[in-house]
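Read the numbers this way: they start at 1 and go in the same order the structure lists the ligands and their atoms. Values in this document were obtained by computation on a predicted structure and should not be read as measured data.
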Amino acid sequence: MRRREIFKSMALGGAAAALLAKKEASAQERVDRAARGAPSPKIRDISVIECQPQGVRLSVVKVTTDQAGLYGYGCATYTQRADLVKPAVEKYLKPLLVGRPADRIEDIWQMAYNSSYWRNAADLNNAMSGVDQALWDIKGRQAGLPVYQLLGGKAREAVDLYGHAGGAEIADVIASAKHYMSLGFRKVRVQVGVPGMSGYGAGKGAGRIPSLHDYPVFEREGAYRRAMALLDAARTQLGDEVELLHDAHERYTPTQAIRFAKDCEKFRLFFLEDVLSPEDISYFKLIRQQTTTPLAMGELFNSPHEWTPLIKDQLIDYMRMHVSQMGGLTPARKVAAMGELLNVRTAFHGPGDVSPIGHMAMIHLDISITNFGIQEYTEFNAATAEIFSGLPVMKDGYFYANETPGWGMEVNEAAAKKYPFDYKHPLNGGWGDIRLPDGQIIKQ
Ligand code: GCO
Ligand code: MG
């Protein structure tokens, strides 16, 4: 024992000193491992944990290494095509990666990206994300550090959130928004049902507008007027303090989108989301020239060819990508860094169809970057808490990162099995069709 330990032990008394010396020894051992280069863990197994604790299909990848007790989790959730993710992992990424060094995250990401030849597909990106985020979890567990420390440490104490206020009638939305504000939320997304048609993000409006079919129906100008009435009421009744967000969910034509963004100026939104479809992103330059309404876009993007032009030319204010649709934390942190150079902030997609592992991965990235914008909030129920330990803690409208190594989360696979995918869903988790009165299907 070094002289310093001897003097310390005399002062502190035997047992306490021994404990302190043991703690210091393990801390020293960790430093030594890092200094001498801890033995590189090899990937021994890759598996997929599927569950549906809140009515939405979640896919989580577990990567196990050859070092006892060293494994990690990553989010691979693509709820509408969940059954494609598992084979993409097990039949393609597992044979490619087992035996490879788990600590070469960038190299493995590039290998997986290249291995399908055709790339930037939603299902393959989600499979890659599951592995990628698991490797970051492993890196943190190996280093004994939360992942945000590997990304440069905290740039803020916690991650600011927005809640989803919705309802069939405007009064219901206002009440829901007031509930979030009572919890301390400073930002609230407002969405309302549209009488007689299938709106987005809120209860279904009563009745049905005339149409030539019996499918769910949507009529653009009626929905537009309803949205303006909602935003006017929200700003009037909730006051100027609260920041309002609204998701147009690609429901309008491009020229309606330009008008919608202009009409929103008087409501001073925090952002207007998905005012265009990904196929129409060339219209953003027209919107940008005509209005100061902040614009958010990206949850439907899978490829750098979609987000790069919008960020490069500063045509949006917030990047809304679904991190697992991008391929994981590795690409997300690169695009976040690109956004910082161009003052485009992050607002990563975080509804119920992101697993708690995916939420935690976003929180670790959000908390460590300068151009963080806002994070979407999802409430977790008891079933989710039964499966995932270390869930993000929400306090006063903020999410907090775990301070324990990696993501700081565990997945109870036995509990996950209690909540299997529900194959009774008529579309097997798919996205239903909504049509204009004449029967034309719309993107929604
Ligand atoms: C959002 C999104 C979601 C999507 C859903 C699709 O802004 O959170 O628009 O509500 O509709 O994630 O599965
Ligand atoms: Mg959206």
Parallel, tilted or perpendicular: which one describes the rings of [X] and [Y], with boundaries at 30° and 60°?
| X | Y | value |
| --- | --- | --- |
| F271 | Y162 | perpendicular |
| F301 | W307 | tilted |
| H213 | Y215 | tilted |

*Would a line drawn from the ring center of Y71 to the ring center of Y73 be shorter than 6.0 Å?*
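Yes, the ring of Y71 comes within the 6.0 Å limit of the ring of Y73, centre to centre.
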*So, do F388 and F380 have ring centers that fall under 6.0 Å from each other?*
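Not close enough - the centres of the two rings lie 6.0 Å or further apart.
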Could you list, one pair per line, each nitrogen or oxygen of ligand 1 together with any protein nitrogen or oxygen closer than 3.5 Å, giving atom names and the distance rounded to 0.1 Å?
| residue | atom | partner | partner atom | Å |
| --- | --- | --- | --- | --- |
| ligand 1 | 7 (O) | R189 | NH1 | 3.3 |
| ligand 1 | 7 (O) | D247 | OD2 | 3.0 |
| ligand 1 | 7 (O) | E273 | OE2 | 3.0 |
| ligand 1 | 7 (O) | E299 | OE1 | 3.1 |
| ligand 1 | 7 (O) | R320 | NH2 | 2.8 |
| ligand 1 | 8 (O) | H349 | NE2 | 3.4 |
| ligand 1 | 8 (O) | E376 | OE1 | 3.4 |
| ligand 1 | 8 (O) | E376 | OE2 | 2.4 |
| ligand 1 | 9 (O) | Y200 | OH | 3.1 |
| ligand 1 | 9 (O) | D247 | OD2 | 3.1 |
| ligand 1 | 9 (O) | H249 | NE2 | 2.9 |
| ligand 1 | 9 (O) | E299 | OE1 | 3.0 |
| ligand 1 | 9 (O) | E299 | OE2 | 2.8 |
| ligand 1 | 10 (O) | Y200 | OH | 2.5 |
| ligand 1 | 11 (O) | H249 | NE2 | 2.8 |
| ligand 1 | 12 (O) | H349 | NE2 | 3.3 |
| ligand 1 | 12 (O) | D353 | OD1 | 2.8 |
| ligand 1 | 12 (O) | D353 | OD2 | 3.0 |
| ligand 1 | 13 (O) | Q80 | NE2 | 2.8 |
| ligand 1 | 13 (O) | D353 | OD2 | 2.6 |

*asked:* For a distance under 2.8 Å, give residue and atom name for each protein N, O or S atom next to the Mg ion (ligand 2).
replied: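 Near the Mg ion (ligand 2), the protein supplies D247 OD2, E273 OE2, E299 OE1.
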*Distance under 6.0 Å and angle within 45° of ring axis: R435 vs F218*: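 No, cation not above the ring by the 6.0 Å, 45° rule.
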*Stacked cation flag R345 on F270, 6.0 angstrom / 45 deg*: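 Not satisfied by the 6.0 Å and 45° rule.
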_Just so I know, are the side chains of S355 and V60 near enough to count as touching, which here means a heavy-atom distance under 4.5 Å?_
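S355 reaches V60 side chain to side chain.
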*Rounded to the nearest 0.5 Å, how far apart are CG of N381 and CD of E386?*
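So the CG of N381 and the CD of E386 are separated by 9.5 Å.
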